[in-house]
Amino acid sequence: MKKLIAFVMVLCLLPFAALADSGEIKVNASATVQMEADYAQVTLSVQTKAAKVDTAISQNTADINRLIDALKKAGIAEGDIVTDNFSVFPLYDYQYTSAGEIPKNTGFQVTNTLTVTVRDLTAVGSMLDTAAQNGATEIYGLTYGSAKAGEAYDQALTMAIEEGRRKAGVMAAACGKELGELTEINETMGSYLGARIQAKATEDAAAPTIISDGVNVTANVEMVFEVK
């Protein structure tokens, strides 16, 4: 028991000495606000290969237009379908290339990538099924978000500041000091985490069931207080 008491005293004396020298307390604090999602976003790509570049582009254009038309018919608004990337790459055969030999061009690959926003969360699974059946060769990056994330961040920031002041007060009191004025505060990198997603096949086959469990918005601060 004597050893335990001595150990605790040393731990308390160390921060006390630091306070006496610097006259300040530095704390980090964070707070998270959880909210329901009100939209989902997903990335869809259509990839096409052909021997000639103009053929690859023409075929890809037809395929992406078919996909866009299908999404619109499924209830996705035109403004919620945005081109995220368009790329054209030559394809080469490196298999039998000798050192210093130029690889043989075998064709071209064209990729058109869309970012699609789904406002009706009950339709996410059917939209993914529609995309898969209408030319999408890649489907990835499904996330959930909220249009009220900015308001939630302001709330999280206020809570983080309150938590920082509370922590500083506890530290000062534990070392026999009185908390003084706030002298410095910095907002550090916050985070916005889209909902965790669960997917499973429905009993009647095709469309996956997509389940969201909320959106987390986190604020972080660094604060410096005087101590007396």
Side-chain angles (χ1 to χ4, degrees), residues 32-50 52-92 106-153 156 189-219:
T32 299
V33 173
Q34 187 174 56
M35 58 198 309
E36 292 186 5
D38 54 25
Y39 69 87
Q41 284 190 324
V42 66
T43 300
L44 309 176
S45 289
V46 173
Q47 190 178 95
T48 308
K49 297 178 182 179
K52 296 183 178 180
V53 65
D54 56 346
T55 303
I57 293 175
S58 178
Q59 183 178 336
N60 186 271
T61 300
D63 290 345
I64 199 71
N65 286 340
R66 178 165 68 92
L67 174 59
I68 291 172
D69 287 343
L71 292 173
K72 290 179 180 178
K73 289 179 182 178
I76 305 299
E78 183 174 356
D80 287 332
I81 304 172
V82 179
T83 300
D84 186 61
N85 185 57
F86 180 83
S87 61
V88 180
F89 289 102
L91 301 174
Y92 295 97
T106 60
F108 295 86
Q109 174 179 296
V110 177
T111 304
N112 196 326
T113 303
L114 304 174
T115 296
V116 178
T117 302
V118 185
R119 307 291 176 181
D120 179 4
L121 298 185
T122 64
V124 174
S126 60
M127 185 278 295
L128 297 178
D129 184 50
T130 296
Q133 294 186 31
N134 287 275
T137 54
E138 289 184 278
I139 301 174
Y140 58 93
L142 176 61
T143 58
Y144 281 75
S146 172
K148 297 181 180 179
E151 297 174 21
Y153 184 77
M189 183 80 63
S191 64
Y192 177 90
L193 298 179
R196 179 171 58 86
I197 300 164
Q198 302 172 354
K200 62 181 179 180
T202 54
E203 294 181 0
D204 56 355
T209 298
I210 308 297
I211 303 171
S212 161
D213 68 350
V215 177
N216 293 327
V217 180
T218 300

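The chain is numbered in sequence order, starting from 1.
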Practice prompt. Apply side chain to side chain contact (heavy atoms under 4.5 Å, CB included) to Leu142 and Val124, showing your working.
Written response: CA-CA 10 Å; Leu142 176 61; Val124 174; 4.2 Å; yes

Worksheet entry | side chain to side chain contact (heavy atoms under 4.5 Å, CB included) assessment of Phe86 paired with Asn60 | CA-CA 10 Å; Phe86 180 83; Asn60 186 271; 4.1 Å; yes

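Nearest heavy atom pair, residue Met35 against residue Ala152, reads SD-CB, 3.4 Å. A pairwise comparison of heavy atoms in Ala40 and Leu121 identifies N-CD2, 3.7 Å as the closest pair. Taking both residues in full, the closest heavy atoms of Gln47 and Thr137 are given as N-OG1, 3.0 Å, listed atom of the first, atom of the second, then distance. When every heavy atom of Lys49 is checked against every heavy atom of Gln109, the shortest pair comes out as CE-OE1, 3.2 Å. Listed here is the closest heavy atom pair of Leu67 and Ala131: CD1-CA, 3.7 Å. Contact between Ala56 and Val110 at its shortest, heavy atoms only, is CB-CG2, 3.6 Å.
Annotation: the span from Asp120 atom CG to Asp38 atom CG amounts to 12.0 Å, rounded to 0.5 Å. Here the CG-CD1 distance, from Leu44 to Ile64, works out to 8.0 Å after rounding to the nearest 0.5 Å. Atom CD of Gln34 sits about 11.5 Å away from atom OG of Ser146, to the nearest 0.5 Å. Here CD1 of Ile57 is found 9.0 Å from CZ of Phe108. Values are rounded to the nearest 0.5 Å. Here the straight-line distance linking atom CG of Leu71 with atom CG of Asp80 works out to 10.5 Å at 0.5 Å rounding. Rounding to the nearest 0.5 Å gives a distance of 4.5 Å between OG1 of Thr48 and CG of Asp63.
A 4.5 Å side-chain heavy-atom check between Lys72 and Ile81 finds at least one atom pair inside the cut-off. Annotation: side chain of Ile76 is not in contact with side chain of Thr130 (no heavy-atom distance under 4.5 Å). A heavy-atom distance below 4.5 Å is not found between the side chains of Arg66 and Val46. Taking the side chain as every heavy atom from C-beta outward, Thr83 and Leu114 approach each other to under 4.5 Å.
Side chain of Thr32 to backbone of Ala156: no donor-acceptor contact under 3.5 angstrom is found.
Inspection of the Thr113 and Asn85 side chains reveals no N or O donor paired with an N or O acceptor under 3.5 Å.
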